Q: 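What follows is a single structure, and I will ask about it in a moment.
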Amino acid sequence: MIPPRKPIVYIVSAPSGSGKSTLVNVLLQMTPRLDFSISYTTRSPRGSEQNGKQYHFISRTEFEQMIRDDEFLEYASLYGKDYYGTARRFLREAEQKGNDLLLDIDVQGAAQIKQKLPDAVSVFVLPPNRKTLEWRLRKRGEDSDETINRRLDEARREIENYDKYDYILINDKLEESSDSLQAIVLSERLLRSKSPLSAEDEKVAELADRYRLANMRDRVAPILGSFGTLPRSARQ
Ligand code: 5GP
């Protein structure tokens, strides 16, 4: 019997308003054998969200019972109130199907996953600058000024953690970012498959390489600057 292939776990994190959900949706549509981990949360559904689609919406009591039953691979309490967590069963199910798994989680969750699964591939999506992020948040028309300011503040804190990620994407043009994200996913599959790379594969790997943390620091510095944050290397 062929042993089940170990799934590649991809983590995507981004501040709210970076366009991450669209990128993730396009990636899932375009990529075969990639499952999405539908997180559990205690927050209420927003807009057209459906239970079991974007999230499993559960009560605090239910969430705390799942913690006690050790059902989470990681979980975090965000914004000082709501719980969000990744259930272990999604990883088991992906493995049984021979698929990879995509997690859309915050920086705390990403750190927990990297500790448990060091081979996980993490991608941080950055907005091009603070002004664009503010404009995108206002355009959504979902939030009050106070919430927008809070989100911008949270974005700054999250962005400070960019250098804990393997790849950095700057989401300026959706189509370009989408192609780049797909290249990262494919390239990691190719690198792990251990088969010789075709000329086409080499191109994919080259594109993905451009977004590796080490190759992105210069491009990230002005974005951090727009949020009033210095790169870690320049901090005390
Ligand atoms: P929202 O409430 O806007 O859907 O999500 C808020 C944040 O929670 C986003 O940054 C999202 O990536 C993160 N998130 C969603 N699911 C999980 C999860 O299972 N674990 C963790 N740690 N964060 C999550």
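Every number for a ligand or one of its atoms is a count from 1 in the order of the listing. In this text the structure is predicted, and so the values were computed from the model without any measurement. Along the sequence shown, residues are numbered consecutively beginning with 1.
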Q: For atom 24 (C) of ligand 1, which candidate among Ile105, Ile38, Thr41 holds the nearest heavy atom?
A: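 Result: the heavy atom closest to atom 24 (C) of ligand 1 is in Ile105.
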
Q: Is Glu74 in contact with ligand 1, taking contact as a heavy-atom separation below 4.0 Å?
A: yes

Q: Measuring from atom NE2 of His56 to atom CD of Glu62, what distance do you get when rounded to the nearest 0.5 angstrom?
A: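 Result: 12.0 Å between the selected atoms.
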
Q: Apply salt bridge (charged side-chain N to carboxylate O under 4.0 Å, His left out) to the pair Arg192 and Asp119, showing each step before the final yes or no.
A: CA-CA 11 Å; Arg192 289 164 204 227; Asp119 287 342; 5.1 Å; no

Q: Would Tyr75 count as a polar contact of ligand 1, with the cut-off being nitrogen or oxygen pairs under 3.5 Å?
A: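 No, since none of the N or O atoms of Tyr75 sits under 3.5 Å from an N or O of ligand 1.
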
Q: For Thr41 and Tyr83, indicate whether the former's side chain and the latter's backbone hold a donor-acceptor pair under 3.5 Å.
A: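 Checking the backbone N and O of Tyr83 against the side chain of Thr41, a donor-acceptor pair under 3.5 Å is found.
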
Q: Do Leu28 and Val9 sit in the same hydrophobic cluster, where Ile, Leu, Val, Met, Phe, Trp and Tyr count as joined when their side-chain heavy atoms come under 4.5 Å apart?
A: yes

Q: Checking side-chain polar atoms at under 3.5 Å, does Ser177 have a donor or acceptor matched by the opposite partner on Asn171?
A: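 There is such a pair between these side chains.
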
Q: For atom 19 (O) of ligand 1, what's the nearest protein heavy atom and its distance?
A: Ser39 OG, 2.7 Å

Q: Would you please determine whether Lys20 falls within less than 4.0 Å of ligand 1 on a heavy-atom basis?
A: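 Yes.
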
Q: Among all protein non-hydrogen atoms, which one is nearest to atom 1 (P) of ligand 1, and what is the separation to 0.1 Å?
A: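 Checked against all protein heavy atoms, atom 1 (P) of ligand 1 sits closest to Tyr55 OH, 3.5 Å.
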
Q: If we check salt bridge (charged side-chain N to carboxylate O under 4.0 Å, His left out) with Glu134, which of these qualifies: Arg136, Lys131, Arg130?
A: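 Answer after filtering Arg136, Lys131, Arg130: Arg130.
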
Q: Which atoms of ligand 1 have any heavy atom of Ala76 under 4.0 Å away?
A: 22 (N)

Q: Apply the side chain to side chain contact (heavy atoms under 4.5 Å, CB included) test between Pro127 and each candidate in Pro15, Ser226, Ser16; give the one that qualifies.
A: Pro15

Q: Which residue owns the protein heavy atom closest to atom 2 (O) of ligand 1, what's the atom, and how far is it?
A: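 Its nearest protein heavy-atom neighbour is Tyr84 OH, 2.5 Å.
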
Q: Quick one: does ligand 1 sit under 4.0 Å from the side chain of Arg46, the backbone, both or neither, non-hydrogen atoms only?
A: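 The part of Arg46 near ligand 1 is the side chain, not the backbone.
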
Q: With backbone taken as N, CA, C and O and side chain as the heavy atoms from C-beta onward, which portion of Arg43 lies under 4.0 Å from ligand 1: side chain, backbone, both, or neither?
A: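 It is the side chain that gets close, since no backbone atom is under 4.0 Å.
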
Q: Can you check which of Asp106, Leu78, Val24 brings a heavy atom nearest to atom 7 (C) of ligand 1?
A: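 Closest candidate by heavy-atom distance is Leu78.
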
Q: Hey, are Asp166 and Lys114 close enough for a salt bridge, meaning a charged N less than 4.0 Å from a carboxylate O?
A: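 A salt bridge links Asp166 with Lys114.
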
Q: Quick one: does Glu158 get a heavy atom under 4.0 Å from ligand 1?
A: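 Per 4.0 Å heavy-atom rule, Glu158 does not contact ligand 1.
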
Q: Would you say Tyr40 contacts ligand 1, with heavy atoms under 4.0 Å as the rule?
A: no

Q: Is Gly85 in contact with ligand 1, taking contact as a heavy-atom separation below 4.0 Å?
A: yes

Q: Inspect the contact between Arg150 and Glu146 and indicate whether a charged nitrogen and a carboxylate oxygen are less than 4.0 angstrom apart.
A: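 Salt bridge: no.
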
Q: Can you list the ligand 1 atoms lying under 4.0 Å from a non-hydrogen atom of Gly109?
A: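 In order of numbering, the contacting atoms are 22 (N).
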
Q: What residue and atom, counting heavy atoms only, is the protein's closest point to atom 6 (C) of ligand 1, and at what distance?
A: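 Ranking protein heavy atoms by distance from atom 6 (C) of ligand 1, first comes Tyr79 OH, 3.4 Å.
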
Q: If you round to the nearest 0.5 Å, how far is CD1 of Ile38 from OG1 of Thr86?
A: 11.5 Å

